[in-house]
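So that the names make sense, note that chain A is the first sequence line, chain B the second, and so on, each numbered from 1.
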Amino acid sequence: MATKRLSGRPVNEDSVETRSAFIESGRKFFSLHGYRGAAMSSIAKGAGYTPNALRHHFPDKADLYVAVFADTVNDIYPKLVAHLYSETFEQAVEGSMSEMMKLAKEYPDHMDFASRAPDEFRKHPELAERITARDNFQEFFYASLIALGRRTGELGNLSDQTLNVFFRNTMQGWIYEGIYSRNLQDTTQSALIKLARHL
Amino acid sequence: MRKKGRPKGGDSAATKKKILDAARVEFAANGYDGAAIVAIAKSVGIAPSAVYHYFQSKEKLYMEVFKQTSVAIWDSVSPTDNPSTLVEAMEQLLDNSRLLADKLPSYSDFLASLPIEAKLHPQFSELLKQRADYQDKTFRNLALIGIASGELHFLSEDEATELIRSIIMGWFFERHFRQEEIEHSGEAIISMFKHLYVTNSEK
């Protein structure tokens, strides 16, 4: 009988730590090679475990992707939400956009993964079905941002819907373009702040 | 029986165009890695080796599709009848883009995926520069219209260019990801510029 255990979940392994190693490695490989191109065996190897150990935690690639998504937005969303407590609309726009630039520097894998996710959802509807957090967050974030500007009286007489969709489109477009081209600049930020002052 | 190579007596310009059209659809649907030359050849009705006769590799084929698609897109979406305000220019650009996306979905889908492909495949990073050039020309032109009309008089040329880039690319990407527009998103852009025109054009 073999005494050496070569595959499967290692004995006495701290399973929380193992799980987060898989998530870290998954985020890197999904960002680098896309959902289709990332191989479970490479993700396991990247984390320093066997493919069987990975399958023990995440039976298929979709399970892992969903877990990486949840972990990624858990790190990002609260940092953005904090800026909704700013005193003015202008400060909230400036603060949340600065936060995104900071995140792009400090957590490049997170931001790459998050900005690629909508394209993966388009290509793989089976993933989109399992993830509704993104749309819910966007709706909540931009509705709260506009509500703040209404309270402070900074937003003139445009309808809430127009303001909401306009700022959402523009800030999302800025982040997609900036992350995709590896050049997230603060020019759109200063333009949006000046625009808000001229409403 | 001749099975391989360039088809005898074929019209080579027409075949080339058919290959490019089929390749655009295949790349848009399956991405660069997932696209198969065999599938492209099959949809044109030629042997895979004939595809290689015209385009030496999948990489060269992708680059050629990019070139053709970019020219076609930017020519057909850019505002044509010299708009004097951003309201008019944006209305034209959004209408043209919607028309194109509905009529030729593979053009928009192909171009939307390019930045992601360029990240996965560094050999396409040169295409990103060309993409930026196409964008810059159109967006800077729009920025100058907005500054002159007063709609964006409070911004520098660079700020206006980047703002317009973010607005249009946000609209474009969200539409691409969902395969439909976020409700009211085109109208919101137009309402915003109408409002800016009324409030700022006299100043």
How long is the straight-line distance from [atom2] of [Y] back to [atom1] of [X], given to the nearest 0.5 Å?
X	Y	atom1	atom2	value
A:I23	A:T72	CD1	OG1	8.5 Å
A:K102	A:S98	NZ	OG	9.5 Å
A:D75	A:D109	CG	CG	11.5 Å
B:L104	B:F110	CG	CZ	14.0 Å

Taking all non-hydrogen atoms of both residues, which atom of A:R19 and which atom of A:A67 are closest, and how far apart?
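Here A:R19 and A:A67 meet closest at NH2-CB, 4.0 Å.
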Considering only heavy atoms and a distance below 4.5 Å, find which of [options] pairs most often with chain A.
options	value
B:K119, B:E174, B:M169, B:H184	B:H184
B:Q179, B:E183, B:E187, B:R178	B:R178
B:I164, B:N30, B:L114, B:I168	B:N30
B:E162, B:H176, B:R131, B:H121	B:H176

Let's test your reading of the structure: which of [options] forms the most heavy-atom pairs below 4.5 Å with chain B?
options	answer
A:N164, A:L163, A:L199	A:L199
A:E120, A:R182, A:K123	A:R182
A:M171, A:R168, A:E177, A:H33	A:E177

Side chain / backbone / both / neither for [X] at chain A, heavy atoms under 4.5 Å:
X	value
B:L128	side chain
B:I167	both
B:H195	side chain
B:Q135	side chain
B:S113	side chain
B:F173	side chain

Would a distance-only check, ignoring hydrogens and angles, find a side-chain to backbone donor-acceptor pair under 3.5 Å from [X] to [Y]?
X	Y	result
A:Q91	A:E87	yes
B:E157	B:A143	no
A:T170	A:F167	no

Side chain, backbone, both or neither of [X] within contact of chain B (heavy atoms, under 4.5 Å):
X	result
A:D112	side chain
A:E139	neither
A:I179	neither

For residues A:F69 and A:F121, establish whether the separation of their ring centroids is below 6.0 Å.
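They qualify: ring centres under 6.0 Å apart.
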Between A:F58 and A:Y65 (judged by ring centroids, cut-off 6.0 Å), do the two rings come close enough to count as a pair?
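Here the rings of A:Y65 and A:F58 have centres that are no less than 6.0 Å from each other.
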